[in-house]
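What follows is a single structure, written as structure tokens, with notes after it.
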2 protein chains.
Amino acid sequence: MKKVTINSVAEYAGVSKKTVSRVLNNEPNVSPATREKVLKVFEELNYKPNPIARGLAQNRSFIIGCLYDNPSKSYITRVQSGALEACQKHSYNLLIHPCELRGQDLIDNVEQLLTTSRLDGIVLTPPFSDSNELIAFLKQRNIPYARVASAIEGDDSISIRSNDEQGAFELTEHLINLGHTEIAFIKGHPDHSATENRFSGYQKALAKHGIEYRERLVAEGNFSYHSGADSAKAILDLEPRPTAVFASNDYMAAAVLKLATQREIKVPEQLSIAGFDNAPIARHIWPGLTTIAQPVEEMTRIAVEELIKHITQPQEAPFQQVLEAKLITRESTKARSSS
Amino acid sequence: MKKVTINSVAEYAGVSKKTVSRVLNNEPNVSPATREKVLKVFEELNYKPNPIARGLAQNRSFIIGCLYDNPSKSYITRVQSGALEACQKHSYNLLIHPCELRGQDLIDNVEQLLTTSRLDGIVLTPPFSDSNELIAFLKQRNIPYARVASAIEGDDSISIRSNDEQGAFELTEHLINLGHTEIAFIKGHPDHSATENRFSGYQKALAKHGIEYRERLVAEGNFSYHSGADSAKAILDLEPRPTAVFASNDYMAAAVLKLATQREIKVPEQLSIAGFDNAPIARHIWPGLTTIAQPVEEMTRIAVEELIKHITQPQEAPFQQVLEAKLITRESTKARSSS
DNA sequence: CTGAAAGCGCTTACAG
DNA sequence: CTGAAAGCGCTTACAG
């Protein structure tokens, strides 16, 4: 069975291949009769256009690449979900590409990606959205990109982030308003700008309410559940034990909850726990976690939509937006017991 | 700045473009001197080959597509992780494409996917790996595919699955050996063949041990946490209350645990709970869930590796394999209290 | 409304 | 070891 191409169709239908192309792309300037005829031949020959040939002629692939290196699986899932929504809306496809920020071969790796697949644009998620090196490389290669949750200010490109500092501030204030003053804090991964922002929100809330900042209450995590478990151990061993723990994401908060429950420390009666992100796990455990809802899907969806817009009409000014983070209170936080 | 192509390089280096192509692809039959010269020009001109042009000439894209429609996010994460591992090893890229099995436009949707992006192969995950309609379509379109966790026996294509029935049998037997006879069961999504297999393992274990099967102990879930919560409510309301619950995946088991804890039913003292999959959540909650480790990453990795092998050398007989599912006991199951 | 020509940037098959 | 020609299957720019 011979391959059916635009040429076979043209020949069979007795028209030029340009006319076939016009019918294919729903262009005007084809008489209804001709259009009918060609469409019929499409069916008869079971013609399917070749996306690669079209791509070569138009110099585009209709593929967006998504770069990530994130210990939080649910974060990635949410990123993908937002990116896919935007892609589907505009008939683009999504190619996923995890890689390591710290590998000294990051640029080689992305170079290799671009050599294997032509990408019309790339969406950068943390920590890549903060990598000046990578951004410089993409600029030099002239690849359109959009940044999600990036803290870089100077770059003149599409950027959508949420207000992490404000969110952390509100969450800390929520704990303070419940009477807590001994509030432990678990930091995130040092490569993510969110880590510094959330930490800063925590510190500012303490300062505003005249609570002394104590370094002994701060543990170094990296957003993974495992790092949360390690930090939890350090914090729950402190004497006197803090009455509240604010973890920089929900996974780590879940780890604190697990250890507390194991040690029969009652949550929230004896210990309040809060997270960040509003990941699914925050509502899948008991008690449910008080947290900050970060609009990950929405950030990524908007980023990819703007990216596609920019690919189609590069003249527009780069879109930049800051979304609000919102406090969600659940059962894991409670007024400090007066004991 | 003019675009740098194989032609500019050839001209600049004073060789034919075929020679440039040879250097590009590390083919033999180029004198070391010529090779050197061309490589130098690559650098000087900063030449980057165009993957689309290569794709058109070779009629391949080096892209594998992954189809899924699964309420369990962690399952998808694990599928992707296995698929990516295989892709990276062979310099392929992964394009993800969620879509709905039940949409009457499934075929249209995949058709559209194939029209937008040339895929060298497709990996089908549940429930698509069991869709005869989709499989027939891919065959007709001559697209190589591999099936993950498919129960279809007749199809002569790459297939990797795990032994779900055996796993469910072992888990049920584990509960029976702990003295439980009132074992509730939560089924999975009816479109997934795993659902029937796990259910059957449960029934066979009961039968082997002379325990009567009672329909009232069986709830209909769909693998989502939410459906687990609904089923949990039905089961925990039963009088007398069962002493053990076996949920067809860990998400649903986690939902049972949450409700039990909320109602102050002690797990595992008053209620044993078990899941299936060994998803991350099984060890992120307390008590940790007894479950069956399903090698999702490995199944998918092997499936994609075989798929790539098949794309390169279509002559081989289709690879089919069944992996073992393994019992993991944690704190959520315990001998029935003799009260 | 329609088409002939040239081109997208590579590789394949062949000749020398 | 090297290259000229043809081709992959489309679209673009132009002419009529």
Side-chain angles (χ1 to χ4, degrees), chain A residues 1-39 41-42 45-63 114-120 141-142 312, chain B residues 1-39 41-42 45-63 114-120 141-142 312:
Chain A
M1 154 184 128
K2 217 180 151 303
K3 216 179 281 179
V4 181
T5 72
I6 199 172
N7 286 307
S8 0
V9 173
E11 196 177 336
Y12 195 92
V15 298
S16 76
K17 64 184 188 182
K18 174 62 218 182
T19 299
V20 177
S21 171
R22 271 192 266 262
V23 174
L24 205 54
N25 296 295
N26 270 314
E27 286 171 31
N29 295 335
V30 181
S31 78
T34 311
R35 191 179 296 272
E36 271 309 306
K37 188 170 54 180
V38 173
L39 286 172
V41 176
F42 281 174
L45 265 46
N46 193 25
Y47 168 68
K48 304 297 166 191
N50 180 332
I52 299 207
R54 182 187 304 217
L56 179 59
Q58 296 189 148
N59 194 26
R60 54 199 298 201
S61 64
F62 294 95
I63 295 178
L114 295 174
T115 305
T116 351
S117 293
R118 165 77 164 73
L119 300 179
D120 285 351
R141 286 286 245 118
N142 217 12
T312 330
Chain B
M1 153 184 127
K2 216 180 153 295
K3 217 179 282 181
V4 181
T5 72
I6 198 171
N7 286 307
S8 359
V9 174
E11 197 177 336
Y12 195 91
V15 297
S16 77
K17 65 183 187 182
K18 175 60 220 185
T19 299
V20 177
S21 170
R22 270 192 266 263
V23 175
L24 204 56
N25 295 294
N26 270 315
E27 285 172 31
N29 296 334
V30 181
S31 79
T34 311
R35 193 180 295 273
E36 271 310 306
K37 187 169 58 180
V38 173
L39 284 172
V41 176
F42 281 175
L45 265 47
N46 192 25
Y47 168 67
K48 305 297 168 194
N50 180 331
I52 298 206
R54 183 188 302 219
L56 180 58
Q58 296 188 149
N59 195 26
R60 54 199 299 200
S61 65
F62 294 94
I63 296 177
L114 294 173
T115 305
T116 351
S117 293
R118 165 77 162 75
L119 300 180
D120 286 350
R141 285 286 244 121
N142 218 13
T312 330

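Reckoned from all heavy atoms, side chains included, excluding hydrogens, waters and symmetry mates. Just so we're on the same page: letters track the sequence lines, and every chain starts at 1.
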Integer-rounded Å distance: [N] [atom2] and [X] [atom1]:
X: Asn26(A); N: dT11(D); atom1: CG; atom2: P; answer: 12 Å
X: Asn7(A); N: dT11(D); atom1: CG; atom2: C1'; answer: 13 Å
X: Glu11(A); N: dG3(C); atom1: CD; atom2: P; answer: 14 Å
X: Asn25(A); N: dG9(D); atom1: CG; atom2: C1'; answer: 13 Å
X: Asn50(A); N: dC10(C); atom1: CG; atom2: C1'; answer: 14 Å
X: Asn59(B); N: dC10(C); atom1: CG; atom2: P; answer: 17 Å
X: Arg54(A); N: dT12(D); atom1: CZ; atom2: C1'; answer: 14 Å
X: Ile52(A); N: dT11(D); atom1: CD1; atom2: C1'; answer: 16 Å

Does the side chain of [X] reach to within under 4.5 Å of the side chain of [Y], using non-hydrogen atoms?
X: Thr19(B); Y: Lys37(B); result: no
X: Lys48(B); Y: Leu114(A); result: no
X: Thr115(A); Y: Pro49(B); result: yes
X: Arg54(B); Y: Asn25(B); result: yes
X: Leu39(B); Y: Val23(B); result: yes

Between [X] and [N], is there a side-chain N or O to OP1/OP2 distance below 4.0 Å?
X: Lys17(A); N: dG3(C); result: no
X: Thr5(B); N: dG9(C); result: no
X: Ser21(A); N: dT11(D); result: yes

With respect to the side chain of [X], which nucleotide from [options] is positioned closest?
X: Arg22(B); options: dT2(D), dT2(C), dG9(D); value: dT2(D)
X: Leu24(A); options: dG3(C), dC10(C), dT11(D); value: dT11(D)
X: Asn29(A); options: dG3(D), dG9(C), dT2(C); value: dT2(C)
X: Leu56(A); options: dC10(D), dC10(C), dG9(C); value: dG9(C)
X: Lys18(B); options: dG9(D), dA13(C), dT12(D); value: dA13(C)
X: Thr34(B); options: dT2(D), dC10(D), dC10(C); value: dT2(D)
X: Pro49(A); options: dC10(D), dG3(C), dG9(C); value: dC10(D)
X: Val30(B); options: dG9(C), dA6(C), dT2(D); value: dT2(D)
X: Ile6(A); options: dC10(D), dG3(C), dT2(D); value: dC10(D)
X: Ala57(B); options: dT11(D), dG7(D), dT2(D); value: dG7(D)

> If pairing requires Watson-Crick or G-U wobble contacts with both distances under 3.5 Å, which nucleotide is the partner of dA15(C)?
Replying inline: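 When the pairing criteria are applied, dT2(D) turns out to be the nucleotide that pairs with dA15(C).
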
> Quick one: does Arg118(B) reach the base of dG9(D) with a side-chain donor-acceptor pair under 3.5 Å?
Replying inline: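 Donor-acceptor pair under 3.5 Å: no.
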
>> Return whichever of Val20(A) or Ser31(B) has its heavy-atom-nearest nucleotide of DNA chain D closer to the 5' end.
In response: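 The residue closer to the strand's 5' end, by nearest nucleotide, is Ser31(B).
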
> Quick one: OG on Ser117(A) to CD1 on Ile63(B), what's the gap to the nearest 0.5 Å?
Replying inline: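 The OG atom of Ser117(A) sits 4.0 Å away from the CD1 atom of Ile63(B).
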
